[in-house]
Structures are given as C-alpha cells and as structure tokens.
Number of protein chains: 2
Amino acid sequence: MAITIVDVAKKAGVSPSTVSRVLSNHPRISPATAAKVREVLKELGYHPNIMAKSLVSKTTNTIGLILPRPAEELFLNLFFSEVIRGIVTQSARTGYDLMMTTGTTEREELEAVTRLVKGRRVDGVILLYSRQSDPLISFMLEHGFPFVLIGRSDDFPDILSVDNDNVQAAYDATRHLIAQGHKRIGFVSGPPNLIVSGDRMKGYLQALKDAGIEARPEWIVEGDFLQESGYRAMSFFMCLPERPTGLVAIDDVVAFGVLRGLTELGYKVPDDLSLVGFNNISLSELSTPPISSMDIGIYQIGYTASQTLIRAVKGEAMPQKRVIIPHRLIVRESSLIQAKD
Amino acid sequence: MAITIVDVAKKAGVSPSTVSRVLSNHPRISPATAAKVREVLKELGYHPNIMAKSLVSKTTNTIGLILPRPAEELFLNLFFSEVIRGIVTQSARTGYDLMMTTGTTEREELEAVTRLVKGRRVDGVILLYSRQSDPLISFMLEHGFPFVLIGRSDDFPDILSVDNDNVQAAYDATRHLIAQGHKRIGFVSGPPNLIVSGDRMKGYLQALKDAGIEARPEWIVEGDFLQESGYRAMSFFMCLPERPTGLVAIDDVVAFGVLRGLTELGYKVPDDLSLVGFNNISLSELSTPPISSMDIGIYQIGYTASQTLIRAVKGEAMPQKRVIIPHRLIVRESSLIQAKD
DNA sequence: CTGAAAGCGCTTACAG
DNA sequence: CTGAAAGCGCTTACAG
C-alpha cells in the first residue's frame with residue numbers, strides 16, 4: 001500500500017493536518033516541525049495521492065485536449081502532430097499534464113467531453129478546430145468551464161481562442177499567384193462545415209475580386225485534409241475545358257496530392273499549374289518541386305493555446321480574448337514562374 | 001455546484017448507497033427503484049465525479065504515455081504521431097482516456113512518471129522506446145505498476161513489450177541491398193543508447209557477415225532520428241576514398257536527409273547510392289525518387305501496446321509477454337538498380 | 001504554531 | 001432488496 005499522510009504524521013509524531021501544511025508550504029509552521037516532517041516524508045518516500053487531492057481542491061493540474069472526431073485520420077495530417085507538440089511542450093513546462101480524448105461518433109465525442117468536464121477530470125480544455133455551430137462550444141459555455149478554441153466560432157465570437165487570420169492568409173496566398181501573372185486561379189477547400197474552410201475561401205474570393213479577376217464555381221472544389229482530396233481535385237480541374245493555371249490548396253497535404261497527380265499525368269509544376277499550399281509542413285519543402293506554402297505557425301498555435309488556457313484556469317487576467325498567430329508565405333518553386341497566359 | 005449522488009438520492013427518496021448501486025448496475029436492486037433512480041439521474045443531469053470514484057475504486061480508466069524526453073523534437077518524427085494514433089484509437093475504443101507527460105531533463109521525466117504512478121493518476125503506463133538500462137523500467141518494476149514497453153529491454157527481457165524483430169528487419173533490409181548486387185554497404189544508425197539502434201546494427205552486420213561481405217567501421221555512422229543526421233552522414237560517406245554504394249538508414253527521415261544531400265550535390269539515387277530506410281512513413285513514398293522502406297507497422301505497434309496494457313490492467317491473462325509486430329520491406333525506386341560495381 | 005473535526009463525492013461490507 | 005456507517009487520502013476552517 002502507498003504511504004499516506006497519516007503514515008507520515010504518525011512517524012513524525014504530528015497530526016495529519018500538520019503534514020498537509022508542510023506539504024503545501026503553509027507559512028505558520030515552525031521550522032523545526034517542518035524539518036522533521038520533511039525528513040520523514042523523504043524517508044518514507046511519500047507521494048500525494050492526486051485523486052484525493054483533486055477531490056478536495058477541485059483542481060487537477062491537467063488540461064484536456066479534445067480531438068476532432070476521427071482520430072484515425074487525424075494524425076495523418078501533420079497539422080495535429082505539430083499542434084500537439086506545441087501544447088505538450090508548453091503544458092509540460094508549466095507543470096500540467098495533458099489528457100487526450102476522442103469519440104468515434106458525435107455522441108461518443110460529447111460523452112468523452114462530458115466525462116472530462118463534469119467528471120472534473122481536467123481544469124480546462126482545448127478544442128481543436130471548430131465546426132459551424134459546434135455543439136462542444138455551447139456545452140463548455142453552458143457549464144462555465146474554462147476552454148480555449150483553436151480556430152474561430154461564428155456563433156460565439158467572444159470566447160478565448162487562438163487562431164490565424166485565415167481570411168487574410170488565403171488572401172495573401174491568392175495575391176501571390178495573381179502577382180505571378182495568373183488570371184485563372186482555383187481553390188481546393190476543406191470540409192465545408194469547418195470554419196477554417198469558409199475563412200480561407202472568403203480570402204481567396206476577396207483577392208480575386210480586388211484584382212478584378214473572375215471567380216468561377218468550377219474552379220473551386222471541396223474536400224478534406226487528405227491527399228486523395230488533392231488528387232481528385234486535380235483530375236477534376238485538368239479535365240475542364242478551361243482549366244486554372246494557379247491553385248491555392250487549403251493544406252499542404254492536399255497540395256501534395258495535386259502535385260502527385262499532376263506528375264503522374266506528365267504535367268509540370270509550376271509550368272502547367274502553379275501551386276500554393278497551407279501549413280508549411282516539412283513535406284512541402286521536401287517535395288519535388290518544393291511547394292510554396294503559407295506558414296501559419298502551427299507549433300506556436302499549440303503553444304499559445306496551452307498557455308492561454310492555463311492562464312485562464314489560474315484566473316489570471318487575459319489581455320485579449322482572441323490571439324492571432326501571424327502567417328507568412330514561404331515562396332518556393334511550385335509557384336515561381338510567370339504564367340504564360 | 002455539480003449534482004452529486006446525494007442530491008439524486010434525496011430527490012428519488014432513497015439512500016446514496018442505492019443510487020450508487022443503480023449506477024454500477026448492482027444485481028440485487030428492485031426494478032422499480034432502479035427505474036425511479038435512473039429517471040432522477042437523467043432529470044438532474046447527474047455525472048459521477050471521477051476523482052471521488054477513483055479515490056475509492058483505485059482505478060482511473062486512464063492510461064499514461066511517457067514520451068521520451070525531448071517532446072520538442074519528438075514529434076518532428078512521424079513515428080510518434082503514428083504510434084500515438086494507434087494508441088489513442090485503441091484506448092478510445094476501449095473507453096480509456098490517454099494521459100501524456102514528458103520532462104525536459106531526466107529528473108523531470110522521472111518526476112512526471114512518479115506523479116502519474118505514485119499519484120495513482122493512471123492505471124498503467126506505456127513506455128515509448130527504451131534506452132540501455134532504462135531507469136524508468138526499474139522504477140515501474142519496483143512499484144509493481146502495470147506497464148508495457150514499446151521496444152525491448154536487455155536488462156529485463158521478461159516484461160510486457162511490443163516490438164519489431166529489429167535485428168531481423170535490418171537483416172532483411174541489408175539482404176535486399178546485397179541481392180541488388182551491392183558489396184559496399186553503409187549504415188546510418190540512431191543514438192547508440194537506444195536499444196533499437198543496437199538491434200538494427202546487429203542485423204545489418206549479420207547480413208554482411210552471412211554474405212561474406214566486408215564490414216568497414218567508416219561505413220557506419222551514428223546520429224539521431226532527424227534529417228540533419230542523414231545529411232551529415234551523407235557528406236561523410238561521400239568524402240570517403242572508397243564509399244558505399246548502398247545504404248541502410250535507421251529511419252526514413254534520416255534516409256530523406258541523405259537523399260536530399262545527395263541531390264544537392266548532384267548525385268543520383270539509386271545510381272550513385274542505393275537507399276533503404278525504416279518506418280515507411282508517407283514521406284518515403286512521396287519523395288523523388290521514392291525511398292524503399294522497411295514497414296514496421298507503427299500504427300499497429302501503438303494499437304497493440306494499448307491493447308496489451310489495458311488487458312494487463314484488467315488482469316486478463318496474457319498469452320505472451322512479448323508481442324512482435326511483423327515487418328515488411330516496401331521496395332521502391334531508391335534501391336531498385338543493380339550496382340555497377 | 002498545531003490539532004481535532006468535518007467534509008470532498010463516492011463505494012462497499014455489514015446488517016437487516 | 002435497501003440503509004447506515006465507515007472509509008478512500010487529502011485540505012481547511014475552527015479552536016486553542
């Protein structure tokens with residue numbers, strides 16, 4: 001059986017309360033007693049039972065990370081590894097543990113979150129991504145539970161969140177293609193129910209509009225964040241009577257799918273089609289040709305989200321509700337040629 | 001304040017014990033009472049406080065994952081995303097939550113584990129990777145705490161573990177190069193303190209020996225699991241008066257570093273140097289040329305580790321202490337040409 | 001400065 | 001079938 005506070009108290013000849021006080025560095029405790037207790041603590045190899053501690057203190061020193069539903073697919077995209085890397089690094093530094101859950105179905109997902117939140121298993125929660133009118137957000141709000149959203153919510157603009165300016169980022173990516181002389185620019189979007197898809201689409205359209213360039217519905221394709229998505233988009237585009245000469249892809253993995261498809265069909269990038277992706281994952285630098293990509297600071301997003309959440313949990317003042325991580329276009333070969341018109 | 005068992009009991013006009021019994025589907029409870037209680041449970045939106053539950057039941061429904069020290073670097077390698085993907089999927093399916101910790105220093109690392117284990121925060125632990133005489137393993141053993149090692153331990157061959165046959169895998173990878181006609185074969189290893197590095201080195205050497213091919217110390221380089229490692233190894237090899245014509249790299253990312261360096265210097269793969277990596281991450285298929293890689297079933301390793309641990313935690317009989325996930329060489333262009341000798 | 005007591009929210013023998 | 005009671009390991013007013 002593990003050593004408890006009572007064991008220590010007995011051996012040290014004091015009361016459990018005193019041991020507890022020594023443990024929490026209570027100010028009014030005599031140095032002599034403290035020393036004695038500490039000695040026994042060490043001697044017996046005492047370690048607090050966190051469950052008991054949490055039960056009374058109502059605090060867990062743990063943050064929860066809710067993974068968007070299909071964890072299966074999730075990690076196929078580097079985005080998540082990278083966010084988690086940021087989160088885990090920062091939370092570890094602050095002495096917090098990280099708890100992860102998912103559910104396979106929407107119901108399971110909500111159940112998992114309920115378990116964490118109502119079961120008082122974590123002090124706060126990081127929500128990864130947001131869907132249109134995400135039920136999780138309402139849930140958190142209802143329960144007054146601390147959380148930070150990675151992304152943006154239309155319905156609740158005023159919650160704690162860490163995000164990019166995705167409209168602007170997509171605008172900038174599109175601008176870049178326009179600056180290269182492209183007049184027919186396509187967009188491979190993500191799942192339409194994700195806010196980020198909408199935001200980037202908006203930026204893309206705005207850039208076209210501002211440049212007085214035509215936006216054609218058939219140059220916009222929706223998919224997910226997987227390679228096949230890019231592959232399919234590519235075959236679609238290339239069969240068009242008038243096909244785009246430039247393409248903005250919502251994710252590098254998708255861009256990669258496009259690139260791969262093109263290469264297989266004997267097309268050249270950037271000559272036949274110029275390409276700009278998002279996320280600047282290692283893949284984009286390493287592919288042939290290297291893919292231009294909008295770096296959105298994923299690691300920093302994770303790091304900041306964790307930091308923000310932990311501050312909120314501790315009740316520290318939040319300078320701002322919404323933190324925007326800057327983006328920056330990394331131009332590479334895949335978009336570096338003037339369109340031939 | 002959250003709803004407790006007492007609130008429910010009052011409203012239902014029964015004792016807390018009864019509510020608890022209904023909750024745990026105790027057999028000897030009258031259908032009428034059960035129905036009544038369940039109704040109130042729903043009405044009040046009751047959810048158990050997991051801390052309290054854990055405190056008495058001494059069980060947490062959570063498994064812990066200990067990340068090898070530098071989480072910072074960790075996720076740069078796809079291996080980890082992929083293992084975690086396997087772990088998280090399986091644990092979620094079984095209704096277990098996943099807790100992750102790291103420490104920056106060895107002391108912090110041990111502290112984190114102590115917190116999990118002695119604080120009774122998790123029911124069992126997955127250890128990722130093992131170093132020579134890993135202090136964590138002794139720690140677990142000492143405390144009789146359930147754990148499964150991903151990897152192998154020299155000192156404790158008899159612990160629960162999930163692993164590949166890394167000796168055989170490296171043997172097979174090397175054999176493949178030999179079969180392609182190579183006589184000068186190099187090896188880029190990982191950190192020498194990792195068991196896996198040693199195992200693969202051994203397989204590599206054995207394959208050479210069995211084929212009667214010379215093994216030269218200068219054809220073996222040690223590094224870590226990052227790209228630079230491959231890059232450095234490459235420059236070293238290519239400056240050798242007699243350089244290898246084939247190379248086994250301990251990890252695809254490393255192989256990628258080699259490939260990249262070669263390409264920059266104007267060398268051709270596989271013509272100037274044939275390449276075989278390990279892990280079969282997506283990168284290897286997508287690079288130019290695609291890299292031959294030993295698929296070690298990373299996802300399955302994670303999945304199996306979680307499964308094994310949870311079984312152990314539940315006290316189910318373990319058919320075998322050590323589970324070996326099969327490997328399989330995926331041959332691609334990077335190694336598909338006969339050496340010119 | 002320190003102890004006795006109550007309590008966090010749950011479970012589980014022990015009676016009946 | 002059901003309740004009263006003790007207890008899991010800790011913290012924290014309340015006294016002194």
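Order of the sequence lines fixes the chain letters, A, B, ..., with proteins taken first and strands second; residue numbering starts at 1 for each chain.
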Query - Steps toward side-chain contact (heavy atoms from CB on, under 4.5 Å) verdict (A:R322, A:R152) - result: CA-CA 9 Å; A:R322 194 164 156 69; A:R152 192 173 72 74; 3.3 Å; yes
Query raised in the report: Can you check whether B:K58 has a side-chain N or O nearer than 4.0 Å to OP1 or OP2 of C:dT11?
Result: no
Report summary line: Here the distance between atom P of C:dC10 and atom CG of B:L41, to the nearest Å, is 10 Å
Requested in this report: Ignoring the backbone of A:N49, work out which of C:dT11, C:dT2, D:dC10 is nearest its side chain.
Outcome: D:dC10
Requested in this report: Figure out the NZ/P separation between B:K53 and C:dG9, and round it to whole Å.
Outcome: 15 Å
Requested in this report: Answer yes or no: does atom NZ of B:K118 have more than 12 heavy-atom neighbours from other residues, nucleotides or ligands under 6.0 Å?
Outcome: yes
Query raised in the report: Which part of the nucleic acid, if any, lies within reach of A:S24 when heavy atoms closer than 4.0 Å are counted: base, sugar-phosphate only, or nothing?
Result: nothing
**Report entry** B:D97/A:R115 under salt bridge (Lys or Arg N to Asp or Glu O under 4.0 Å): CA gap, chis, key distance, verdict
**Finding:** CA-CA 10 Å; B:D97 288 318; A:R115 218 168 47 219; 2.7 Å; yes
Report task. Using a heavy-atom cut-off of under 4.0 Å over every strand shown, decide if A:L55 touches base, sugar-phosphate, or nothing. Result -> base
Report summary line: Using Watson-Crick geometry (N1-N3 plus N6-O4 or O6-N4) or G-U wobble (N1-O2, O6-N3), each under 3.5 Å, D:dA13 is paired with none
Query raised in the report: Quick one: which of D:dC8, D:dC1, C:dT12 gets closest to the side chain of B:R21?
Result: C:dT12
Query raised in the report: Atom NE2 of A:H26 to atom C1' of C:dG3: distance rounded to whole Å?
Result: 13 Å
Query - Any A:S15 side-chain N or O less than 4.0 Å from OP1/OP2 of C:dA4 - result: no
Query raised in the report: With A:M140, which of A:V113, A:L149, A:I159 fulfils side-chain contact (heavy atoms from CB on, under 4.5 Å)?
Result: A:V113
Requested in this report: For C:dT12 versus C:dG16, give the span between their C1' atoms, rounded off to a whole number of Å.
Outcome: 16 Å
Query - Residue whose nearest DNA chain D nucleotide is more 5′ - A:V56 or B:P16 - result: B:P16
Query - Passing candidate, side-chain contact (heavy atoms from CB on, under 4.5 Å) with A:V8, options A:L44, A:V14, A:L23 - result: A:L44
Requested in this report: Give the rounded distance in Å between these two atoms: CG of A:N25 and C1' of D:dT11.
Outcome: 15 Å
Query - Contact under 4.0 Å: A:S30 side-chain N or O vs C:dT2 OP1/OP2 - result: yes
Query raised in the report: DNA chain C: B:T18 or B:M51, which has the more 5' nearest nucleotide?
Result: B:M51
Report task. Show the numbers, then the answer: is there a salt bridge (Lys or Arg N to Asp or Glu O under 4.0 Å) between A:E82 and A:R85? Result -> CA-CA 5 Å; A:E82 193 63 8; A:R85 188 164 79 88; 2.8 Å; yes
Requested in this report: With a 3.5 angstrom cut-off on both distances, give the Watson-Crick or G-U wobble partner of C:dA4, or none if there isn't one.
Outcome: none
Report summary line: When rounded to whole Å, the NZ to C1' distance for the pair B:K118 and D:dC10 reads 17 Å
Query - A:S17 side-chain proximity, nearest of D:dT2, D:dT11, C:dA4 - result: C:dA4
Query - Whole angstrom value for the distance that separates P of D:dT12 from CG of A:L23 - result: 12 Å
Query - Nearest-Å distance for atom pair OH/P, residues B:Y46 and C:dG9 - result: 10 Å
Query raised in the report: How would you label the contact of A:V6 with the nucleic acid (heavy atoms, under 4.0 Å): base, sugar-phosphate, or nothing?
Result: nothing
Query raised in the report: Considering only side-chain heavy atoms of B:R28, which listed nucleotide, D:dT2, C:dT2, C:dG9, is closest?
Result: D:dT2
**Report entry** Under-4.0 Å side-chain N/O to phosphate OP1/OP2 contact, B:S20 with C:dT11
**Finding:** yes
Report summary line: Rounded to whole Å, the NZ-P distance (A:K10 to D:dG9) equals 11 Å
